[in-house]
Amino acid sequence: MPKITSDWGDWLVRDVEEVSPEGVAVWYLGCNGFVLKGREGTTIYVDPYVGLGDPPRTVRMIPVPFDPEDVEEAEAVFATHEHTDHVHGPSQAPILENTGATFYGADDSLAVAREDEQWLEEWDLDADQFVELTEGDSLEVGEFTVHVEDAYDPDATHPLSYVFEHDAGTVFHGGDTKPSEEFERIGREYDIDVGILAFGTVGRIPDKETGEPKRTRWYSDENQIVEAASDLRLNRLVPSHWDMWKGLTSDPKVLHHHAKSFEHPSRVDVVEIGDRIELE
């Protein structure tokens with residue numbers, strides 16, 4: 001598989017690995033990728049994707065912020081669902097190879113990694129680095145407790161969301177979810193400080209089979225993302241994915257207007273690729 005070449009050199013990876021957060025630091029990698037790092041050094045990647053898409057159908061609109069082969073510290077890589085910008089060998093397998101981290105995901109996500117892309121054959125990995133998860137599971141990863149929850153993404157075959165609990169705060173990552181009937185329950189069960197939800201617009205994207213432009217909506221619009229944030233009772237909403245694909249990008253600043261009449265989210269944090277936010 002093709003090697004990833006970073007547009008930014010290794011400064012972002014070095015920033016992640018050199019920072020000692022007071023609580024939890026969260027970096028945005030663009031698309032739906034994030035890194036969480038706790039004060040004791042536990043480092044978790046969620047949906048890191050540094051591929052270029054599949055032009056002309058999917059065209060990457062943002063820099064490639066890091067080379068996965070530069071990553072030296074990670075305990076885990078979590079996948080929210082099986083799509084290529086969430087499970088991608090060249091983006092994720094080198095992290096597992098370099099660090100010995102564990103790859104966590106649903107059955108269909110692991111099938112892409114182990115069967116479709118054959119990570120075990122392409123990279124120096126062990127079978128025990130792959131752990132299947134399903135809704136209702138909980139696990140400990142270093143200083144984080146991770147709860148596996150429901151997600152609603154009609155374009156995916158088995159999507160998951162994750163709640164990362166730490167004594168400094170709780171982070172929810174919904175993958176590409178749209179509003180779910182389960183979110184009111186999740187909002188009651190967890191005190192979520194930061195919630196990550198995919199946001200985008202409708203565009204004319206070439207059909208995968210015919211190549212003809214097709215009206216396409218992959219992510220929540222303004223009303224859907226605020227509905228989900230309200231049900232989840234988010235303190236801070238962090239919109240993601242709005243920057244990634246040509247024809248589906250959007251302006252997350254409009255969410256301030258949509259959210260202001262709701263009790264939740266209390267605030268909207270618009271972060272750009274490479275930005276870091278803190279939970280203390």
Side-chain angles (χ1 to χ4, degrees), residues 26 28 30-34 36 46-47 78-83 85-86 106 134-136 146-165 169-205 214-245 247-272 275 277 279:
V26 183
Y28 182 38
C31 195
N32 220 343
F34 286 81
L36 288 71
V46 187
D47 285 353
F78 283 84
T80 60
H81 61 288
E82 75 284 350
H83 290 167
D85 52 340
H86 302 262
T134 195
E135 296 86 344
V146 186
H147 304 279
V148 185
E149 285 290 354
D150 295 85
Y152 174 66
D153 179 0
D155 296 314
T157 58
H158 192 175
L160 300 174
S161 63
Y162 298 107
V163 179
F164 298 92
E165 285 189 320
T170 299
V171 177
F172 173 87
H173 194 305
D176 289 356
T177 191
K178 294 182 175 69
S180 166
E181 294 179 355
E182 296 295 324
F183 283 176
E184 287 189 1
R185 173 188 59 79
I186 294 171
R188 291 192 302 268
E189 290 186 7
Y190 306 100
D191 183 11
I192 302 173
D193 296 284
V194 173
I196 298 161
L197 295 170
F199 172 57
T201 189
V202 175
R204 288 174 58 79
I205 303 299
K214 178 182 178 182
R215 181 178 171 85
T216 301
R217 181 197 299 275
W218 283 332
Y219 317 113
S220 288
D221 63 17
E222 295 92 337
N223 295 314
Q224 290 172 316
I225 193 173
V226 172
E227 176 188 345
S230 178
D231 288 346
L232 289 163
R233 303 184 185 187
L234 302 184
N235 181 21
R236 301 159 69 180
L237 166 63
V238 175
S240 63
H241 232 321
W242 56 269
D243 53 3
M244 185 62 179
W245 299 125
L248 295 176
T249 58
S250 192
D251 182 358
K253 294 191 295 297
V254 304
L255 298 178
H256 294 289
H257 300 288
H258 285 261
K260 65 182 180 181
S261 61
F262 291 82
E263 182 179 358
H264 300 286
S266 303
R267 56 190 265 198
V268 178
D269 285 358
V270 175
V271 293
E272 296 179 327
D275 285 351
I277 58 179
L279 286 74

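Because the structure is predicted, anything quoted here is derived from the model rather than measured. Numbering of residues begins at 1 and proceeds along the displayed sequence.
Listed by chain and residue number, nothing satisfies the ring pair (Phe, Tyr, Trp, His ring centres under 6.0 Å) test with Y152 (two or more places apart in sequence, or in another chain). Under the salt bridge (Lys or Arg N to Asp or Glu O under 4.0 Å) criterion, R236 pairs with D269, sequence neighbours left out. Evaluation of the ring pair (Phe, Tyr, Trp, His ring centres under 6.0 Å) rule for H86 yields H81, H241 as partners, not counting sequence neighbours. Residues forming a side chain to side chain donor-acceptor pair (under 3.5 Å) with S161 (at least two apart in sequence, or on another chain): none. The ring pair (Phe, Tyr, Trp, His ring centres under 6.0 Å) search around F172 returns F183, not counting sequence neighbours. Every residue was checked against the side chain to side chain donor-acceptor pair (under 3.5 Å) condition with H264, not counting sequence neighbours, and none meets it. Listed by chain and residue number, R217 satisfy the salt bridge (Lys or Arg N to Asp or Glu O under 4.0 Å) test with D221 (two or more places apart in sequence, or in another chain). With sequence neighbours left out, S266 forms a side chain to side chain donor-acceptor pair (under 3.5 Å) with N235. Applying the side chain to side chain donor-acceptor pair (under 3.5 Å) rule to E227 yields no partners; only residues at least two apart in sequence or on another chain are considered. Qualifying salt bridge (Lys or Arg N to Asp or Glu O under 4.0 Å) partners for E182, counting only residues two or more places apart in sequence or in other chains: R185. Residues forming a ring pair (Phe, Tyr, Trp, His ring centres under 6.0 Å) with F34 (at least two apart in sequence, or on another chain): Y28, H173.
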Begin from the C-alpha positions of V26 and V194 and carry the test side-chain contact (heavy atoms from CB on, under 4.5 Å) through to its verdict. CA-CA 10 Å; V26 183; V194 173; 5.9 Å; no

Check the pair T134 / V148 against side-chain contact (heavy atoms from CB on, under 4.5 Å), numbers first and verdict last. CA-CA 7 Å; T134 195; V148 185; 5.9 Å; no

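The CG atom of L248 sits 12.5 Å away from the CZ atom of R204 when rounded to the nearest 0.5 Å. How far CD1 of I192 is from CD1 of I186: 7.0 Å, rounded to the nearest 0.5 Å. Remark: L36 CG to F164 CZ distance equals 6.0 Å, nearest 0.5 Å. The distance from the CD atom of E149 to the CG atom of L160 is 10.0 Å, given to the nearest 0.5 Å.
The heavy-atom pair separating L197 from A229 by the smallest distance is CD1-N, 3.9 Å. Taking all atoms of both residues into account, the shortest heavy-atom contact from A156 to E82 is CA-OE2, 3.3 Å. Between T170 and D191, the shortest heavy-atom distance links the atoms CB-O, 3.4 Å. Considering every non-hydrogen atom in both W242 and V271, the closest pair reads CZ2-O, 3.4 Å. The two residues R233 and G187 make their nearest non-hydrogen contact at CD-O, 3.7 Å. Across D47 and A79, no two heavy atoms sit closer than the pair OD1-CA, 3.3 Å.
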For a quick test of your reading: what N or O donor-acceptor pairs under 3.5 Å do the side chains of residues 253-261 make, sequence neighbours left out?
unit_1	atom_1	unit_2	atom_2	d
K253	NZ	D251	OD1	3.0
K253	NZ	D251	OD2	3.4
H258	ND1	N223	OD1	3.4

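A 4.5 Å side-chain heavy-atom check between W245 and D85 finds at least one atom pair inside the cut-off. Here the side chains of P239 and I225 are in contact, with some heavy-atom distance below 4.5 Å.
Counted by atom type alone, N32 and S240 present one or more donor-acceptor pairs between their side chains at under 3.5 Å.
No donor-acceptor pair under 3.5 Å is formed between the side chain of D176 and the backbone N or O of Y219.
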